[in-house]
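Computed from a prediction, not measured in an experiment: that's the story for all the values here.
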Amino acid sequence: MPETVPDPFPETAPDLSVVVHGGNVQDHLPALLDSLDAHPLTGVEVIVAAVGDWARETAERHAPAFTVLPLPDGAGDAAARSAGAARARGRWLHFVHAKDGLPVGAPHALAEHVSGLPDTVDVLLVDHVRSSWRVSGLPSPDGPRLARTGRAPDGVALDDRAALLRLTPLLGTRAVRAGFWRRHERLLTTEDEPFAAYAALLLADRVACLPQPAYEDRRLRPESLPPITPAERYALVDRYEALLGLTTGRPAVHGVLYDLMVRDCLRTFARAGMPDDVAREFFHRASVTARRHRPEGLRQPAGLEGMRRSLLEEGAYGKYRALQSANHARRGVRSAVRTGRRRAGTRLRALQYRAALARPVDPHLAVFSAYWNRGVACNPAAVAAKLAELAPGVHPVWVVTAQGAALLPPGTDHVVPGTRCYWEVLARAKYLVNNVNFPDAVVKRPGTVHLQTHHGTPLKRMGVDQLPYPAAAHGLDFQALLQRVDKWDYSVSANSHTTRMWQRAYPSRHTSLDHGYPRNDVFYTAGAAEVRAARDRLGIAPGRRAILYAPTHRDYEAGWTPRLDLAALADQLGEETVLLVRAHYFYDGTASPLGGLRRSGRLVDVSSYEPVEELCLAADALVTDYSSIMFDYANLDRPIVVHADDWETYRTTRGVYFDLMAEAPGPVARNQAELTEILSTDAWHDERATKARAAFRRRFCEYDDGHAAERVVRRVFLGEDERTLPPVLPLEDRTPAPSPEEATAS
C-alpha cells in the first residue's frame, strides 16, 4: 500500500498569502500596511518580511493581524521574499514590495479569483496602476493586452500568447501558486525582480489573466537611489542571456523576448549616461548576445530603428555614437533657437558666474545662509560658531540682504545676494550651508559640499508630500525643488521621525546626519546665568511667569488672523504673567488694546527677536499650535500647551505626518476658554502634562544632547568617520538648562 503524503495545504489554509517584503523605503510602508489593515481580508493572510528596525517597528504596530518576520538591515529583497514565502500558508503567493501599494479591495479580489483556478494554472497576471512622487494612480499600458487575452477559465499557454511577455516585468503583477514557487524557488529567488517576473511566465505551464488593477507600482526618483554601478549595467545583458536560454525550442516566445532584449539594451545605452569605457563594454556585451540569439529569418524594421539594431548586431560602437551625435546636434540647434531670447536677460550674470566657476574651488571657504538670507541664525549659525572653534582655518561668509546687513554681529564677513561678490563666493566655496535652499542657478561643483540643516521637525507635510494639498502646493515648482535637493550632500536630522520624513519629502541621494539640530545645543549648554540674562534682556522681572506664545502660518489664509484675544488672555492670567508673543505681525498702532499691555510689560512682541533660542530659555512655558518650535522647546523639559482651535482645517488643508491631538507634548486647548483654564490652574504642568511631555521628548528629542554642532562639524568639515564622533547621550543622561525658577533661585 503506497505511503500517504500529507497535504501541504490543509483545508484551513488561506487562499492567498500577501508577502510584503523590504525596508521602509522613503516611509511608504506605513500607508501600504494601513491599507491592508483597513479592510476585511477573508481568505487572505499577510506576512511582513520587515527589513531593518524602521520596517519592523512599522509592521509590529499591526500585530497580531499580520505575521511579522524581522530581518536585519541590509537583507536583500530576494532573502526577504524567500523568508516570507517560507512562513506563508496560502495556496497562492502575492509578493508586494514595501515601497509599493495595493488598490482598495485588491487582496480580496485576488483571493476570490485564485480560489476558482484549476491546478494546471501556475501564474495569475493582473493589471496595475503607476505612481511616482508627482502623480498617483495612472493606468498602466498592460490593461488592453490583458483584456485581449481574456479570462480563459483554464488559463493559456505562454507559447500561444507570447505577447504576454510584453507586460511590465513586475513580480507584484504575478500571483503565483505556492507549489509552483517552491519548485522553482532557486531560479525565482533573485535580487533582479524583472528576471523573476519574466522567468515566472517562462516556467509556468499555464497562466491566467485578470484585467483588473491589483497592484500599485511606485516608481522612486532615480536621483534618490544609489548610482548604478558598471556591474549592474552589464547585469541587464546577463539577465536576457539567461532568460533567452529558457526559450529553446519555443520560437514565438523567443522572438518576443529577443525583441524586448534589443529594445531594453538600446534604450539603456541611449539614456543611461554611462562613462565611455562602461558604455563601450556594455555595447559589446549586448552585441554578442544579440548575434548569438538572433532569430532565424529576422527582418529589421525600417528607418532609424532598423539602423540602430543593425549597428548593435554589427558591434559598430563608433558608428552608433556618430549616429547619436548627429541626432543630438539637430535637436540642440532647435533648442538653442527656442531658448536664446530667454537667456538674454541673465547673460551678464551668467558670464561672471561662469568665470568664477572656472577658478579652483577654495577648500578654506564656506558660505552660510539662513531663512532666505535674513541673517546669522538657526542651525547654520550654530554650525558656524562650532566651526570657528574646531576648524578656524575655514573662513565663513554669510549671505545677507542689504537690509539685514546692518544687524549683523560686528566683524561678520558677508555678501549681498545678486552682487558680483555673491556669485564669486558661491562659485568658489567648498562648503555651502543653508537651512532652506540656495538659488536654482547655483552649480554643484565636483568637490564641493552642500549641507542642508533644515529649520524644524516636520509636523506639517513638506516637499513633494505637499502635492495633494493645493493650499500648500500653490505656486511651488516641485521639479525645480527636487533639482535643488539633488545638490545636497548632507541633510541634518533631530530624530528618526524627521529622517524618515525627509527621505520621503525630499527623495534624493543625500546622506542623513542623525546628529541632532545644532541650534538646540544651547538648551543643554546654557546655565543659570544665561537664563537670567535672557530674561533681563526681555524685561521679565524675577518671580513672574513668562509664557512664549508662538503660532504658525496657515496656508489657507491670505494673511495672519489672530487666533486669540491676547488682551483678554493677559488680563485673565493676571499681573504675574508675561506673554512673549512671536508671530508674523499683530495689531499696529498705540490705539490697539495691546498698547497698554506693552507699556505695563505684560505683553512683549518678540516677533523680530533673534535668536529664538533665547526666547525659549527665558520662557517658563510654551503655548503654540502647530509650529515646529514645540519640538525644539521640548528639549528644555518645560511645560508645553497646544492651542488647536482649527486642527481639522489645518490637517485637511496642509496635511500632517501624525495626529498631534493624540500625541501632543502637553494639554490641548480647542478654544480660548480652555486655554485660559489650563494656564490658570495646575493643568499646564501637572502629572498628566509631565507624562505627555516625557513621551514627546523620547520621540522627538532623540539626537539633541548638546553636541549636535560638534558632530556635524567633525563629520562634514573635518571628514571624521561617523563611528568616531561623540555618541548621542541617552535622554536620561542629559541635563537641560535650568528653568527660570531654578535659575533665579541659584
Side-chain angles (χ1 to χ4, degrees), residues 370-371 374 377-379 435 454-460 494 517 519-520 522-523 531 534-535 537-538 540 545-555 557 559-567 569-570 573 577-587 594 597-598 602-647 650 654 656 660 664-672 674-676 678-679 684-685 689 693 696-697 700-701 704 737 739-740:
Y371 294 122
R374 270 173 32 194
C378 192
N379 289 315
N435 70 352
H454 303 281
H455 53 275
T457 289
L459 166 63
K460 63 187 179 185
Y517 277 155
R519 71 182 182 192
N520 292 340
V522 68
F523 297 145
V531 173
R535 288 172 69 89
R537 279 190 286 272
L538 292 163
I540 305 170
R545 177 178 63 165
I547 296 176
L548 174 60
Y549 172 53
T552 194
H553 171 68
R554 266 75 170 166
D555 297 284
E557 293 181 340
W560 182 73
T561 302
R563 316 305 307 184
L564 295 170
D565 183 340
L566 293 171
L569 180 62
L573 295 182
T577 296
V578 177
L579 292 180
L580 306 174
V581 185
R582 186 176 182 85
H584 297 291
Y585 60 88
F586 287 92
Y587 306 101
L594 302 186
L597 293 175
R598 288 193 184 98
R602 289 167 53 197
L603 186 144
V604 183
D605 185 351
V606 292
S607 299
S608 301
Y609 191 99
E610 294 293 348
V612 68
E613 291 78 31
E614 280 194 9
L615 299 177
C616 294
L617 287 174
D620 294 90
L622 170 71
V623 174
T624 186
D625 39 28
Y626 323 119
S627 171
S628 65
I629 195 173
M630 73 177 83
F631 302 98
D632 306 309
Y633 191 82
N635 282 284
L636 290 168
D637 198 17
R638 300 180 192 172
I640 302 173
V641 180
V642 175
H643 175 238
D645 64 318
D646 63 338
W647 168 250
Y650 185 86
R654 176 64 203 226
V656 295
L660 181 64
V668 176
R670 299 307 302 267
N671 53 54
Q672 180 152 343
E674 291 181 2
L675 178 62
T676 304
I678 290 169
L679 295 175
W684 65 288
H685 64 160
R693 186 171 70 253
F696 194 83
R697 290 187 73 224
F700 295 112
C701 300
D704 289 336
S739 68

Subject >> salt bridge (charged side-chain N to carboxylate O under 4.0 Å, His left out) partners for Arg697, two or more places apart >> reply: Asp637
Original post:
Under the side chain to side chain donor-acceptor pair (under 3.5 Å) test, which residues partner Asp625, sequence neighbours left out?
Top reply: Arg554
Subject >> Shortest non-hydrogen contact from Leu564 toward His643 >> reply: CD2-CE1, 3.3 Å
**OP:** Under the salt bridge (charged side-chain N to carboxylate O under 4.0 Å, His left out) rule, collect the residues that match up with Arg638, sequence neighbours excluded.
**Re:** none
Original post:
So how far is it from Tyr517 OH to Ser628 OG, rounded to the nearest 0.5 Å?
Top reply: 8.0 Å
Subject >> side chain to side chain donor-acceptor pair (under 3.5 Å) partners for Asp645, two or more places apart >> reply: Arg563
**OP:** Give, for atom CG of Leu548 and atom CD1 of Ile640, the distance between the pair rounded to the nearest 0.5 Å.
**Re:** 10.5 Å
Subject >> Nearest heavy-atom neighbours spanning Ala689 and Trp684 >> reply: CB-O, 3.8 Å
**OP:** Using a strict 4.0 Å threshold on nitrogen-to-oxygen distance, state whether Glu610 and Arg582 make a salt bridge.
**Re:** yes
Subject >> Ionic contact status for Asp620 with Arg535, cut-off 4.0 Å >> reply: yes
Original post:
Taking only residues two or more places apart in sequence or in another chain, which ones pass side chain to side chain donor-acceptor pair (under 3.5 Å) with Tyr650?
Top reply: none
**OP:** Using the side-chain hydrogen bond (donor to acceptor under 3.5 Å, both in side chains) rule, take Asp704 and Asn635 through it: C-alpha gap first, then chi angles, then the decisive distance, then the call.
**Re:** CA-CA 7 Å; Asp704 289 336; Asn635 282 284; 3.2 Å; yes
Original post:
Is the NZ or CZ atom of Arg693 positioned over Phe696's six-membered ring, under 6.0 angstrom from the centre and within 45° of the axis?
Top reply: no
**OP:** From the options Pro665, Cys701, Cys616, select the one residue that forms a side-chain contact (heavy atoms from CB on, under 4.5 Å) with Tyr633.
**Re:** Cys616
Subject >> Partners passing side chain to side chain donor-acceptor pair (under 3.5 Å) against Ser627 (at least two apart in sequence or in another chain) >> reply: none
